[in-house]
Amino acid sequence: MELISHQANRNPNTSIQLTPPSPSRYENQKRRDWNTFCQYLRNHRPPLSLPSCSGAHVLEFLRYLDQFGKTKVHHQNCAFFGLPNPPAPCPCPLRQAWGSLDALIGRLRAAYEENGGPPEANPFGSRAVRLYLREVRDFQAKARGVSYEKKRKRVNKQKMQTLSQPQPQMPLPLQQEQPQQGQSVMGNYSGAIV
């Protein structure tokens, strides 16, 4: 008796290859951010392990990232303090924008828990980190002359006007054709074509 393998009988042109979906842009960025933070911990003097990492170490990391920032943040004594579009260059430093830091902390907070960290010990959600982000947001808003107020959902004015206006009555012939409450839209449709 001869055993025939199912694989040998398969036509290679009809085989279905299942590839896992590629990670989203968010997932890729989260992985890169996590790897960067882990590298920072390894390069720290003395090197830090993830369980010994605290909110203070996260703040050190955020301050370290400031050197790579691209957002001009004016000093309080700068002539352009509070101007959204300064007319000339100034020596004020480039920093990480608040929105970038806020998004980074959100991704790292999620990655910490995905990599086995207990949620209650998550250093990215510590009070010190939340306060730091709030201070950065408020200072950058003043220094750059921009508002970081939460955006409210915009309601289409035309839609609101139509909802608030009484609906006009339909012409009499159309009113009779409309189904009554509980009546099917199809009416007495029997399925026969007339």
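Below, all heavy atoms of this structure are taken into account, side chains as well, without hydrogens, waters or symmetry copies.
Among residue pairs with one or both ends in residues 122-135, those qualifying as side chain to side chain donor-acceptor pair (under 3.5 Å) are E113-N122; sequence neighbours excluded. Sequence neighbours left out, the pairs with a member in residues 45-58 that pass side chain to side chain donor-acceptor pair (under 3.5 Å) are S49-S52, S54-H57. Counting only residues at least two apart or in different chains, salt bridge (Lys or Arg N to Asp or Glu O under 4.0 Å) contacts with residues 31-43 comprise D33-R107. Residue pairs that meet the side chain to side chain donor-acceptor pair (under 3.5 Å) test with at least one member in residues 61-70, sequence neighbours left out, do not exist here.
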Stepwise side chain to side chain contact (heavy atoms under 4.5 Å, CB included) test for V58 and L108: CA-CA 10 Å; V58 173; L108 288 173; over 6 Å; no

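Note: T36 OG1 to L41 CG = 11.0 Å, rounded to the nearest 0.5 Å. Rounding to the nearest 0.5 Å gives a distance of 9.5 Å between CG of D138 and CH2 of W98.
For Y112 and F37, the gap between ring centers reaches or exceeds 6.0 Å.
Linking ILVMFWY side-chain heavy atoms closer than 4.5 Å, directly or via other members, places V129 and L50 in a single hydrophobic cluster. By the criterion of side-chain heavy atoms lying less than 4.5 angstrom apart, applied directly or through intervening Ile, Leu, Val, Met, Phe, Trp or Tyr residues, F139 is not grouped with L62; the two fall into different hydrophobic clusters.
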Enumerate donor-acceptor pairs with a distance under 3.5 Å from any side-chain N or O in residues 72-85 to protein atoms, sequence neighbours excluded.
unit_1 : atom_1 : unit_2 : atom_2 : d
K72    : NZ     : C90    : O      : 2.8
K72    : NZ     : C92    : O      : 3.0

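For the pair F61/H44, no side-chain contact is recorded, criterion being any heavy-atom separation below 4.5 Å from C-beta on. Side-chain contact between R144 and T71 is present, with at least one heavy-atom pair separated by less than 4.5 Å.
Looking at N115, its side chain does come within 3.5 Å of a backbone N or O of A111 through a donor-acceptor pair. Q140 places a side-chain N or O within donor-acceptor distance of the main-chain N or O of Q96, the cut-off being under 3.5 Å.
Under the salt bridge (charged side-chain N to carboxylate O under 4.0 Å, His left out) criterion, E114 pairs with K30, sequence neighbours left out.
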